[in-house]
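Computation of the quantities below employed the complete heavy-atom set of this structure, encompassing side-chain atoms and omitting hydrogens, waters and symmetry-equivalent molecules. Order of the sequence lines sets the chain letters (A, B, ...), proteins ahead of strands, with each chain counted from 1.
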Amino acid sequence: MNFIFADNYLDETKVKMSPMREGAGLGLAELGALHADVIVVGADTLESCRAHHFTEKFPDRTIQVGVAEQNLIGVCAGLAYEGKVPFGITYAPFLIGRAWEPIRTTIAYPSNHVILLASHAGIATGTDGPTHQMTEDIALTACLPGFTVLAPCDHEQARLAVKAAYDLKGPVYIRCAREATPVFTTPETPFVVGKVQILREGTDATVIGHGYMTYRLLQIAEELKELSIEVINVHTIKPLDIETIVASAKKTGKVFVAEDHNIVGGLGSIIASALAEHVPVPVKSHGVYDIFTESGSAKDLWGKYGLDTEGTKKALLDFLQK
Amino acid sequence: MSTIVTEKEIQQLQLTANTIRQTIIRMLMDAGAGHTAGPLGMADIFTALYFHELKHDPKNPSWSERDRVILSNGHICPVRYAAMYHAGYQIQKEELSTFRKIDSRLEGHPAFHRLPGVETSSGPLGEGLSEACGFAFAAKMDHKPHHIWCLASDGEHAEGMTWEAVMLAAKYKLDNLCVIIDRNYIQIDGFTEDVMPLDLGVSLADKYKAFGWNVLEIGGHDFADILGAFEKAKSAKGKPTCIVARTTPGKGVDFMENNYKWHGVPPNKTQAEEALAQLARIEDALRRE
């Protein structure tokens with residue numbers, strides 16, 4: 001399936017900007033209209049997570065637990081045991097961080113089909129500061145047996161991820177960023193859970209991203225015309241499409257992973273351990289370098305901590321020159 | 001309360017509970033590990049549920065109309081396994097001695113995916129009431145009349161998650177939900193009122209009342225009391241019900257009763273033989289009545 005880009009997607013003056021959480025909320029409302037067993041369970045952040053698109057239409061299928069994330073998880077588990085398809089929704093640090101052991105025991109262990117949908121993943125959360133910037137959520141979910149972990153790259157992909165999650169089995173985590181980011185895919189862009197997307201073919205290096213960082217990598221590959229860069233979007237972090245990544249690594253011999261997540265336990269570390277087994281090539285993880293950052297606009301944080309296009313390009317060039 | 005059950009029926013329930021206690025002792029002795037005080041203390045309530053109250057079909061444990069039993073404090077699972085076995089669930093007699101052993105369906109803490117009839121996996125404390133709320137919401141949404149019985153310990157009320165669920169159940173008027181608290185005043189490190197008091201300020205029962213629940217306080221070994229409370233719980237409208245059941249941990253074995261050191265250890269062979277002898281004497285006395 002060929003990837004379909006939005007028109008003029010590389011032109012920052014023309015590309016549409018919208019947060020992933022908005023796409024996720026719209027996808028949720030579509031699902032609610034299609035399936036009577038979809039339930040939303042929220043913890044006082046429903047509108048902020050854009051779940052109001054669902055809750056305003058389906059108040060009888062909305063459960064508001066208040067500021068109580070552990071309870072949110074347990075309620076979702078109970079609903080799933082009864083065959084409902086609950087979406088547990090709040091900010092990533094609270095949903096995944098605060099409630100991790102209930103997630104492990106009541107959702108992962110019995111393999112309950114609960115979809116955990118989070119906003120506020122990564123430092124893109126911005127001015128709220130590190131308490132609200134979740135940079136450990138991939139590590140915490142990917143280590144749980146049976147979990148599907150989705151990290152959509154933009155608004156449209158978040159919408160498709162939410163809709164696709166309904167048809168999966170077992171627990172699912174979908175991470176969305178708070179900040180508006182470029183919408184470079186379209187409603188017609190293919191989305192298959194478990195398959196990575198090769199956005200651009202190349203032979204000199206494989207660069208891999210998830211979330212909005214994939215857009216940065218496309219910009220960088222376009223700028224560095226002297227290099228032939230293969231760009232891969234990994235919207236499904238688990239189960240990881242390692243075959244395609246291994247094939248690309250064999251071809252290019254170098255793998256660079258960029259993500260808004262701690263480099264410890266993020267996609268980069270997951271790929272590095274898989275490649276070490278199959279095709280041991282140099283791997284560079286570029287992300288949040290095992291620190292807590294600070295308050296600031298997303299733009300300022302990206303600049304200071306090297307996750308903007310310039311900082312990411314510099315990290316890639318440093319890696320390639322080694 | 002005697003109107004809902006005859007003396008003869010009560011005697012039969014007492015005998016069943018005694019049998020379940022003997023099974024529990026044998027399971028724990030064979031396993032060489034596990035929790036003793038809680039299962040013995042809750043044998044009467046499990047008997048009242050599985051042999052009188054529940055709408056269930058042991059041969060078809062996933063029957064959609066069944067009442068749900070959510071065991072929050074999973075560590076007392078020997079009493080659930082024993083009650084299910086004696087009630088006719090598909091557990092073989094020899095399987096009882098595999099409790100906690102490799103390849104057994106009788107996990108040390110209940111595993112939903114391994115044993116049909118176990119509604120949830122549980123073990124980490126304070127989570128069952130939240131799950132029970134989820135079950136209760138699902139029943140309400142589907143207009144199903146079955147009841148959700150959540151069994152919880154007193155010690156696990158130190159978990160904040162439990163109180164999150166207490167607020168939620170009252171907010172949404174989950175009157176198809178009843179939590180039965182095993183108020184035995186012990187936990188693994190000692191007496192509840194020493195480890196983390198639940199009656200400080202106001203009693204645990206009054207705490208539930210303050211949160212908007214329908215609250216009943218009963219003797220947890222008095223079948224007339226237990227069955228009467230079940231009826232009241234089912235007829236309550238607009239509020240979830242909390243039954244605070246005063247129980248004796250280790251009930252039926254004198255050297256185990258009210259001794260918190262029996263919370264998390266099994267009897268050795270000698271202790272088990274003595275426990276079984278004591279339970280057999282109680283059984284004989286019941287039969288002579």
Side-chain angles (χ1 to χ4, degrees), chain A residues 32 35-44 58-88 90 94-95 98-116 144-146 169-171, chain B residues 62 64-66 68-74 107 109-116 118-144 146 148 150 152 156 159-174 176-177:
Chain A
H35 305 287
D37 53 3
V38 172
I39 316 290
V40 162
V41 186
D44 202 27
F58 309 108
D60 294 345
R61 286 191 269 144
T62 300
I63 298 169
Q64 170 62 267
V65 303
V67 191
E69 295 79 15
Q70 298 178 86
N71 192 33
L72 177 150
I73 296 300
V75 170
C76 284
L79 289 164
Y81 274 121
E82 290 286 18
K84 303 292 182 193
V85 183
F87 280 72
T90 186
F94 318 139
L95 183 66
R98 181 67 160 265
W100 187 82
E101 188 280 324
I103 291 172
R104 177 179 185 268
T105 302
T106 72
I107 295 179
Y109 180 41
S111 197
N112 273 321
H113 184 33
V114 173
I115 295 134
L116 301 178
L144 291 170
K169 290 187 176 12
Chain B
S62 58
S64 65
E65 307 301 309
R66 73 193 182 280
R68 271 61 165 174
V69 176
I70 314 301
L71 179 59
S72 185
N73 53 329
E107 287 274 344
H109 291 83
F112 160 77
H113 59 290
R114 296 189 78 127
L115 185 65
V118 169
E119 298 285 0
T120 63
S121 299
S122 63
L125 294 169
E127 297 175 350
L129 194 53
S130 292
E131 292 172 286
C133 286
F135 279 83
F137 276 116
K140 291 258 180 197
M141 286 171 180
D142 294 342
H143 307 290
K144 286 191 169 175
H146 62 256
I148 289 88
C150 178
E156 70 177 318
E159 292 279 7
M161 184 173 170
T162 295
W163 296 100
E164 297 176 3
V166 169
M167 285 191 280
L168 184 75
K171 174 192 170 188
Y172 282 98
K173 303 180 170 56
L174 299 178
N176 55 350
L177 168 66

Ignoring hydrogens and angles, tell me if any N or O in the side chain of B:Y172 forms a donor-acceptor pair with the backbone of A:Q64 under 3.5 Å.
yes

Under 4.5 Å from a heavy atom of chain A, the part of B:E159 involved
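The answer is neither part of B:E159.
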
Please answer whether the main-chain N or O of B:F137 pairs with a side-chain N or O of A:K84 as donor and acceptor at a distance below 3.5 Å.
no

So which of A:G83, A:C76, A:A68 has the largest heavy-atom pair count under 4.5 angstrom toward chain B?
A:A68

Please report the interatomic distance OG(B:S121) to CD1(A:I107), rounded to the nearest 0.5 Å.
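CD1 of A:I107 is found 12.0 Å from OG of B:S121.
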
Taking all heavy atoms of A:P110 and all of B:F112, pick out the closest pair and write down the distance.
CB-CD2, 3.9 Å

Is it the backbone or the side chain of A:I63 that comes under 4.5 Å from a heavy atom of chain B, or both, or neither?
both

Identify which part of B:R68 has an atom lying under 4.5 Å from any heavy atom of chain A, answering side chain, backbone, both or neither.
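Side chain only.
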
Look at atom CZ of B:R66 and say whether more than 12 heavy atoms of other residues, nucleotides or ligands are closer to it than 6.0 Å.
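Check passes, neighbour count above 12.
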
Measuring heavy-atom distances to chain A, does B:A132 have an atom under 4.5 Å in its side chain, in its backbone, in both, or in neither?
neither

May I ask you to test the B:E127-A:Q70 pair for a side-chain heavy-atom distance under 4.5 Å?
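Of all side-chain heavy-atom pairs linking A:Q70 with B:E127, none is under 4.5 Å.
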
So, does A:N71 use its side chain to make a donor-acceptor pair with the main chain of B:E164 at under 3.5 Å?
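Judged by distance alone, yes, a pair lies under 3.5 Å.
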
B:R114, B:E119, B:M167: which one forms the most heavy-atom pairs within less than 4.5 Å of chain A?
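Looking at each of B:R114, B:E119, B:M167 in turn, B:E119 comes out on top.
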
Can you tell me how far CG of A:L79 sits from SG of B:C133, rounded to the nearest 0.5 angstrom?
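Between B:C133 SG and A:L79 CG, I get 10.0 Å after rounding to 0.5 Å.
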
Please report the shortest heavy-atom distance between B:L168 and A:V75, naming the atom on each side.
CD2-CG2, 3.5 Å

Using non-hydrogen atoms only, which part of A:D37 is less than 4.5 Å away from chain B: side chain, backbone, both, or neither?
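The answer is neither part of A:D37.
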
Any idea how A:Y81 and B:F135 line up, ring-wise: parallel (<30°), tilted (30 to 60°), or perpendicular (>60°)?
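A:Y81 and B:F135: parallel rings.
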
Taking everything shown except A:R61 itself, do over 12 heavy atoms lie less than 6.0 Å from its CZ?
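Enclosed: over 12 neighbouring heavy atoms sit under 6.0 Å from CZ of A:R61.
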
Is there a side-chain contact between B:M161 and A:P102 in this structure, where contact means two heavy atoms from C-beta onward sitting under 4.5 Å apart?
yes

Heavy-atom contact with chain A under 4.5 Å, split by part of B:K140:
neither

Can you find a pair of side-chain heavy atoms, one from A:I39 and one from B:M141, that are under 4.5 Å apart?
yes

Can you give me the closest heavy-atom contact between A:Y109 and B:A111, atom names plus distance?
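A:Y109 and B:A111 have their closest heavy atoms at OH-CB, 3.3 Å.
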
